[in-house]
Amino acid sequence: MAEPTTTDSAGSKVREEAIARLKAQGAWNTTMDRRRFFSTAAAGWALFAAAFGGLASVFGAFMAPRVDFGKAQTFRAGSPDKFQPNSVSEEFKISEKVWIVREAEKIVAISTVCTHLGCTPNWMGDEKKFKCPCHGSGFYGPRPGVEAGVNFEGPAPRPLERYKISLTADGQLLVDKGQKFQEEKGEWSNPESFVAA
Amino acid sequence: MDTIIHWLKEVINYFSYPSWSFSMFAICFISALFIRRIWTRQGLVLFLLAVTLGGWAALKDENFNTTLLKPDNAPIFLMVYGFGICLFVAMMQAHNNDRRMEQKLPPAEKETSDQKTWVWPDLVYIELLCMILCTVGLVVWSLTVRAPLEEPANPGNTPNPSKAPWYFLGLQELLVYFDPWCAGVVMPSIIVIGLMAIPYIDVNPKGNGYYCFKDRRLAILTFMTGFFIMWNFLIPIGTVLRGPGWNFFGPFEKWTPHKVVALTNVNLSEYVWVRWLYPMGNWLHLNWMSGGLPVTDNTLSLHNLWQVFKKEFLGIGFLVFWFLYLPGAMARGWLRGFYEKLGFGRYSVAIFLFLTMALVPLKMYGRWLANLKYIVDTPWIKF
């Protein structure tokens, strides 16, 4: 058997002296029995569970967001004849965030959300381009030889997105913003992404 | 007289294009740090006087006036004067100490640090006074200057130009040159982590507790380049020189949304495959060379990965050279002493941060001078 080291005996001596001092002051409390310990612990855990449960239920409420789904994703843009060849219509820019663009041979619905960081570009009729005021991204307007909405200047990494567009039975343009077509995925050749004009 | 002023404005407009103004500011600022005679009390007064008089005279111009006196720009004035004064106070003491050490004297701080002063009340009173003065200043400012509020936001109509708060204009400027993920997420993180890493990278005991320039040239120059030239100079550029359509405008140029600038972007891979290799291949009758840009898609097939690599070989090669070859070459070359002092781990971190910082203006020059869009353009990562 190894002798206890001096540090240990000195430490325990100090501890005993401290306990004795506390007992003399009446501050050394050893009155908690097993029953009291369990009831205190149970109350503590119940409180903790209640608090945690409350937090969890608040968090759970986020799982079913109270969303206003807003208005329909589709809208009628009117007859194709009202759009001139090689023109950009800003009629639905504010209300639907869509430009109706008629190129030489087709009509497309272009989203007004810049593909860089989501500002709304301006249509510059004289320069025949969409120019974003936030970081200077530029996209081609309808002009011979290029597709409208293709990025060519500034930081935008990809062309503007297009929405599904079709003709209704009574010959009106119907734009469905629920479905989009991205050039970099090769989706602009999809016949749903344009209406032949 | 009018023609001279007109001519002067045209010259300033011309040279404010950032490839000029950025270069001139960087060169002048860095060389000025070395000139001891600038960093004196007279230098400070002259600097503030020159900024004030120059700015005041330029306000006679209608276009400059409307740009500069927007209420949003008040903090920019505070920034220019505040940074000017702080820089002067620090550099004045640094050059003063350098001179004392040349004369084998201890730094000036040694003389005061031997006499100790109490935190309470000496320091705390000064802090309290500063706090009260700042509060008074803010209250007066907010009472006298109207908040530059505009009409309710309309998602269909973004103001032109649309500017970030002044302290983010440097970041907004970076967003013009880099992919949003790169400029908005990666680079700010590297900046914050890099600043946090400085105390662990810096092992130079000189300058602890006193100002000096001569013994810490590399550290001070690196910090000044990052903070003053790249962060703070980009803020006035974003404020004064960026107009509608986020085009560059000279300080005396009218902001018109119809300014047309030829800015069509070109990727490095297009320079390589279309502008250089295509004519060369035609001339040499080599089909693999004149094939134009290799066709890629965004699948992860081996063939496509090879095509992407082939398309971007120069950009990838450049980045490999920049981040893998250069650190080693510099450790053997002009940074040899630095490498030996820091050891491999510290040196790697320090040189990575340094080279990343150096890459930023490099790409900006690429855009200004050659309309360079991406150095590496893959379907997944664009840099």
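From a predicted model like this one, the values you see are computed outputs, not experimental measurements. Protein chains get the first letters and strands the later ones, always in sequence-line order, with residue 1 at the start of each.
Nearest approach of B:Q172 to A:C134, heavy atoms of both residues: NE2-O, 3.0 Å. Residues A:H116 and B:F178 come closest through the heavy atom pair NE2-O, 4.4 Å. Between B:H258 and A:M124 the shortest heavy-atom distance is ND1-CE, 4.0 Å. The two residues B:T158 and A:T120 have their closest heavy-atom pair at OG1-N, 2.8 Å.
Side chain of B:N265 to main chain of A:P155: no donor-acceptor pair is present (N/O by atom type, distance under 3.5 Å, no hydrogens or angles). Not one N or O on the side chain of B:S162 forms a donor-acceptor pair closer than 3.5 Å with the backbone of A:P133. Under a 3.5 Å cut-off, the side chain of B:K373 and the backbone N or O of A:E153 do not form any donor-acceptor pair.
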Worksheet item: Could you walk me through whether B:N247 and A:K131 pass the side-chain contact (heavy atoms from CB on, under 4.5 Å) check?
Response: CA-CA 10 Å; B:N247 280 317; A:K131 183 79 172 164; 3.9 Å; yes
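When each of B:P180, B:G184, B:P159, B:P379 is scored by its heavy-atom pairs under 4.5 Å with chain A, the top score falls to B:P180.
Remark: B:W380 pairs with no residue by the ring pair (Phe, Tyr, Trp, His ring centres under 6.0 Å) rule, at least two apart or across chains.
Contact annotation for A:E184: only backbone heavy atoms (N, CA, C, O) come within less than 4.5 Å of a heavy atom of chain B. Heavy atoms of B:P257 lying under 4.5 Å from chain A belong to its backbone as well as its side chain.
With a 4.5 Å cut-off on side-chain heavy atoms, B:Y374 and A:P157 count as touching.
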